[in-house]
Amino acid sequence: MAEWIVSHFPERSTYHTFIDAYFGSGAVTLCHDPEGKAEIACDKNLMLTNFWRVLQNRDTRAEMLSRLTVTPFSEIEFNAAQARLFVLK
């Protein structure tokens with residue numbers, strides 16, 4: 001779907017900045033060729049926006065990857081994380 005959306009963009013020479021107003025999964029932004037273009041990813045979901053900022057910063061990205069590599073995959077951990085997520089809202 002992302003490829004189809006990007007295929008309907010105007011000619012690259014007609015714009016300098018790509019603004020993804022509904023970033024969501026990031027599929028369209030990540031499918032869009034950023035060469036020579038400024039990109040702005042927006043979303044109403046502030047947790048998603050924060051996640052994108054974490055990925056952009058070398059230190060916070062390293063911390064996130066470190067934590068992910070030691071996080072056990074279990075239903076108990078998933079439920080605990082989900083409970084914390086709903087408390088934050």
Side-chain angles (χ1 to χ4, degrees):
M1 179 71 127
E3 292 89 1
W4 180 84
I5 293 170
V6 170
S7 75
H8 287 81
F9 283 4
E11 193 63 40
R12 288 184 57 79
S13 62
T14 64
Y15 65 96
H16 301 288
T17 304
F18 170 66
I19 302 173
D20 190 344
Y22 304 98
F23 182 71
S25 71
V28 173
T29 300
L30 297 174
C31 185
H32 177 259
D33 178 13
E35 183 69 32
K37 304 294 177 192
E39 292 183 312
I40 301 171
C42 305
D43 201 280
K44 182 179 178 179
N45 184 333
L46 297 179
M47 293 183 79
L48 181 60
T49 303
N50 184 59
F51 176 69
W52 186 247
R53 287 185 183 136
V54 166
L55 292 178
Q56 289 177 317
N57 180 289
R58 180 174 292 158
D59 295 332
T60 56
R61 180 177 59 242
E63 175 67 21
M64 182 191 75
L65 291 174
S66 174
R67 288 175 182 237
L68 287 174
T69 58
V70 298
T71 300
F73 295 96
S74 73
E75 187 174 351
I76 292 169
E77 289 297 323
F78 175 81
N79 291 338
Q82 191 173 35
R84 286 191 304 273
L85 176 68
F86 289 118
V87 168
L88 293 174
K89 287 185 176 182

Contact between Ile5 and Met1 at the side-chain level, heavy atoms closer than 4.5 Å - yes or no?
yes
Show me the donor-acceptor pairs within less than 3.5 Å that the side chains of residues 22-33 make with the rest of the protein, sequence neighbours left out.
unit_1	atom_1	unit_2	atom_2	d
Ser25	OG	Ala27	N	3.3
Thr29	OG1	Asp20	OD2	2.6
His32	ND1	Glu39	OE2	3.0
His32	NE2	Tyr15	OH	2.9
Asp33	OD1	Glu35	N	3.1

Thr14: partners by side-chain contact (heavy atoms from CB on, under 4.5 Å), with sequence neighbours left out
Pro10, Glu11
Sequence neighbours left out, what passes side-chain contact (heavy atoms from CB on, under 4.5 Å) with Thr17? Give chain and number order.
Ile19, Ala38, Ile40
Please name all residues satisfying side-chain contact (heavy atoms from CB on, under 4.5 Å) with Asn50, sequence neighbours left out, ordered by chain then number.
Val54
Would you indicate whether the side-chain heavy atoms of Leu55 and Phe51 approach each other to under 4.5 Å?
yes
Can you list the residues that meet the ring-ring contact (aromatic ring centres under 6.0 Å, His included) rule with His16, with sequence neighbours excluded?
none
Does atom CZ (Arg61) have a neighbourhood of more than 12 heavy atoms from anything else shown, all under 6.0 Å?
yes
With a 3.5 Å cut-off and sequence neighbours excluded, list the donor-acceptor pairs that the side chains of residues 71-82 form with protein atoms.
unit_1	atom_1	unit_2	atom_2	d
Thr71	OG1	Arg67	O	2.6
Ser74	OG	Glu77	N	3.1
Asn79	ND2	Glu75	O	3.3

Cluster link Leu46 to Met64, ILVMFWY, side chain under 4.5 Å:
no
